[in-house]
Amino acid sequence: MHFLVLGASAGGGLPQWNCGCRNCEDARKGLIPPSGQSSLAVSPDGVRWSILNASPDIRQQMLDNPKMHPRALRDTPVASVLLTNGDIDHIAGLLSLREQTPFSLFATGDILDVLAQNRIFDAVNREKVERTRISLDQDFALQDGLQARLFAVPGKVPLFMEGDSVQTNLIGEQTVGVRLTTGEKVAYYIPGCAQITPALLDQLVDADQLFFDGTLWDDDEMIRTGTGVKTGQRMGHISVSGADGSIEGLKGIAAAKTYIHINNTNPMLQPNGPERAFVEAAGWTIAYDGQEITI
Ligand code: MLT
Ligand code: MN
Ligand code: ZN
C-alpha cells in the first residue's frame with residue numbers, strides 16, 4: 001500500500017493567509033517547509049489513487065505531485081475520493097474536481113448530507129461523480145484492490161454548521177476514521193479525533209501504519225498564542241501532549257505512527273524544538289507535503 005501526503009496541515013495551511021505566528025513567519029522565510037491543507041492519497045499499486053479528503057489546496061497539490069497528473073488528454077489517476085468529515089478543509093477541494101472527469105465519491109450519509117445541503121456542490125456532476133453512502137463498520141472497495149472501512153471517532157459537526165450549543169465528542173457519522181487494507185498490511189487514517197476511547201484502541205490493534213490528528217500540541221495553544229479563542233477540545237481535536245493527549249493515549253499501539261492535520265501554531269513543526277524531539281522520542285513522525293510511505 002502506497003501513501004502520498006498531499007497536505008499535512010490542518011485548515012488554514014502553513015503559512016495561513018492571515019497569521020504572523022512564528023511557524024507561519026518561518027514558512028514565509030523558507031526556514032520551515034510550507035504545507036497545504038489536509039489530504040492524503042493512497043494506492044494499492046502506485047498508479048491508481050484514492051484521495052482521502054479533498055482540500056482547498058488540491059489544485060496545487062495535484063500540480064506539485066507528478067503521480068497525480070493526467071496521462072492522456074482528459075484523464076486522472078484518481079479513482080476515488082473519500083471524505084472523513086464535512087469540514088471546509090476536507091470538502092472544498094471537490095469544487096476544483098468539477099471538470100467532468102469521472103471518479104467515485106464515498107462518505108457517510110451525514111457527510112454526504114452536508115454536500116447535499118450546500119448546492120454549490122451540485123457543480124460536481126453526479127452523473128460523472130457518483131456519490132455512494134457508506135455505512136459505518138462495513139468493508140467496501142475504495143478502488144480495485146483497496147478495501148476500506150469507516151468507523152466513528154469522537155468529533156463534532158462542521159464548524160459552519162454549528163448551532164448555539166455544540167457537542168464536541170459526538171460518536172456518529174459526522175466524523176470518521178478509515179481502516180485501509182490491500183490484504184496484508186493495515187493502515188488507519190484519522191485526521192480529526194476529540195478523544196482516545198477504549199473502542200478506538202480496540203480498533204487500532206491490527207494497525208501497521210497510523211496517520212493521526214496532530215492539530216494542536218496542547219489544548220489552550222490557540223488562546224495562549226493569541227491566535228484564537230477556542231480550546232482544542234472545543235474544536236473537536238485531542239492534543240498531542242499531556243496526560244490526556246494522543247502520545248500518551250496511543251502509546252500501546254505498535255504501528256508506525258505519523259501525525260497529520262497539523263495546525264500552523266503547533267510548536268512541533270519547529271525542526272529543532274523540544275516538542276519535535278519529544279514526539280520523535282515517543283516513536284512518532286510528523287508528516288510533510290510530498291512525503292511517500294509504502295507499507
Ligand atoms: C477543523 O479541523 O477543526 C476544521 O477544519 C476547522 C475549520 O473548518 O476551519
Ligand atoms: Mn480540519
Ligand atoms: Zn500561524
Side-chain angles (χ1 to χ4, degrees), residues 5-40 51-58 61 82-95 107 111 114-115 117-118 153-163 166-170 174-178 189-195 211-240 246 259-270 273 275 287 289:
V5 177
L6 296 179
S9 282
L14 172 73
Q16 178 174 310
W17 72 282
N18 62 345
C19 191
C21 80
R22 179 178 174 201
N23 289 339
C24 286
E25 282 298 294
D26 281 358
R28 286 187 190 96
K29 288 181 202 147
L31 298 175
I32 60 176
S35 170
Q37 295 171 80
S38 182
S39 186
L40 177 67
I51 293 187
L52 311 177
N53 293 318
S55 103
D57 300 322
I58 197 162
Q61 290 165 341
L82 168 68
L83 309 174
T84 66
N85 65 21
D87 280 337
I88 288 172
D89 55 345
H90 288 165
I91 66 173
L94 286 173
L95 299 175
I111 297 170
V114 173
L115 304 185
Q117 287 166 29
N118 290 275
V153 295
K156 64 172 185 61
V157 298
L159 178 60
F160 61 91
M161 295 178 78
E162 286 182 3
V166 183
Q167 192 183 337
T168 57
N169 61 351
L170 277 175
Q174 75 296 318
T175 306
V176 299
V178 191
Y189 171 62
I190 309 171
C193 181
Q195 197 185 338
F211 295 94
F212 193 79
D213 182 345
T215 308
L216 298 181
W217 178 254
D218 50 16
D219 199 47
D220 68 351
E221 180 173 313
M222 305 282 297
I223 300 166
R224 187 167 35 77
T225 58
T227 52
V229 295
K230 290 181 190 166
T231 63
Q233 280 300 302
R234 174 62 187 77
M235 295 190 292
H237 295 290
I238 187 173
S239 300
V240 169
S246 54
Y259 281 118
I260 201 162
H261 190 282
I262 302 158
N263 198 55
N264 58 70
T265 52
N266 193 321
M268 73 182 183
L269 289 169
Q270 285 290 330
E275 295 86 359
D289 290 20

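For ligands, and for the atoms within them, numbers begin at 1 and follow the listed sequence. Worth saying up front: this structure is predicted, and the values here are computed from it rather than measured. Side chains included, hydrogens not; waters and symmetry mates left out as well; all remaining heavy atoms used.
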Query - Angle at the Zn ion (ligand 3) (to 10°), with one arm to SG of Cys24 and the other to SG of Cys21 - result: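 Taking the Zn ion (ligand 3) as the apex, the two atoms subtend 110°.
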Query - Asn264 atom OD1 and Cys19 atom SG as seen from the Zn ion (ligand 3), angle to 10 degrees - result: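 Nearest ten degrees: 110°.
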What atoms of ligand 1 come within less than 4.0 Å of a heavy atom belonging to [X]?
{"X": "Asp89", "result": "5 (O)"}
{"X": "Asp87", "result": "1 (C), 2 (O), 4 (C), 5 (O)"}
{"X": "Met235", "result": "3 (O)"}
{"X": "His261", "result": "2 (O)"}

Are any of the side-chain heavy atoms of [X] and [Y] separated by less than 4.5 Å?
{"X": "Ile32", "Y": "Asn23", "answer": "yes"}
{"X": "His90", "Y": "Pro191", "answer": "yes"}
{"X": "Cys193", "Y": "Pro154", "answer": "yes"}

Query raised in the report: Which residue supplies the protein heavy atom nearest to atom 7 (C) of ligand 1, what is that atom called, and how far is it?
Result: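 Result: Leu159 CD2, 3.9 Å.
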Query - Name of whichever N/O/S atom of His261 is nearest to the Mn ion (ligand 2) - result: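 For His261, the N, O or S atom at the smallest distance from the Mn ion (ligand 2) is NE2.
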Query - Donor on one side chain, acceptor on other, His261 and Asp89, under 3.5 Å - result: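 Per modelled atom types, His261 and Asp89 side chains form a pair under 3.5 Å.
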Requested in this report: Report yes or no: do Thr231 and Asp220 form a side-chain donor-acceptor pair below 3.5 Å?
Outcome: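 No, Asp220 and Thr231 have no side-chain donor paired with an acceptor closer than 3.5 Å.
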Query raised in the report: What is the minimum heavy-atom distance between Leu216 and Thr265, and which atoms define it?
Result: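 Smallest interatomic distance, heavy atoms only, reads CD2-OG1, 3.8 Å.
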Query raised in the report: Is Asp219 salt-bridged to Arg234, cutoff N-O under 4.0 Å?
Result: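 Arg234 and Asp219: not salt-bridged.
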**Report entry** salt_bridge(Arg22, Glu25) N-O dist < 4.0 Å
**Finding:**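 No, Arg22 and Glu25 are not salt-bridged.
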Query raised in the report: Got a sec: is His90 within less than 2.8 Å of the Mn ion (ligand 2) via an N/O/S atom?
Result: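 Of the N, O and S atoms in His90, none lies under 2.8 Å from the Mn ion (ligand 2), which means no.
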Query raised in the report: Taking 2.8 Å as the cut-off, does an N/O/S atom of Asp89 lie below it from the Mn ion (ligand 2)?
Result: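 Yes, since at least one N, O or S atom of Asp89 sits under 2.8 Å from the Mn ion (ligand 2).
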Query raised in the report: What part of His237, side chain, backbone, both or neither, has a heavy atom within less than 4.0 angstrom of ligand 1?
Result: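 The side chain, only.
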Query raised in the report: Any N/O/S atom of Gln16 sitting less than 2.8 Å from the Zn ion (ligand 3), backbone or side chain?
Result: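 Checking Gln16: none of its N, O or S atoms is under 2.8 Å.
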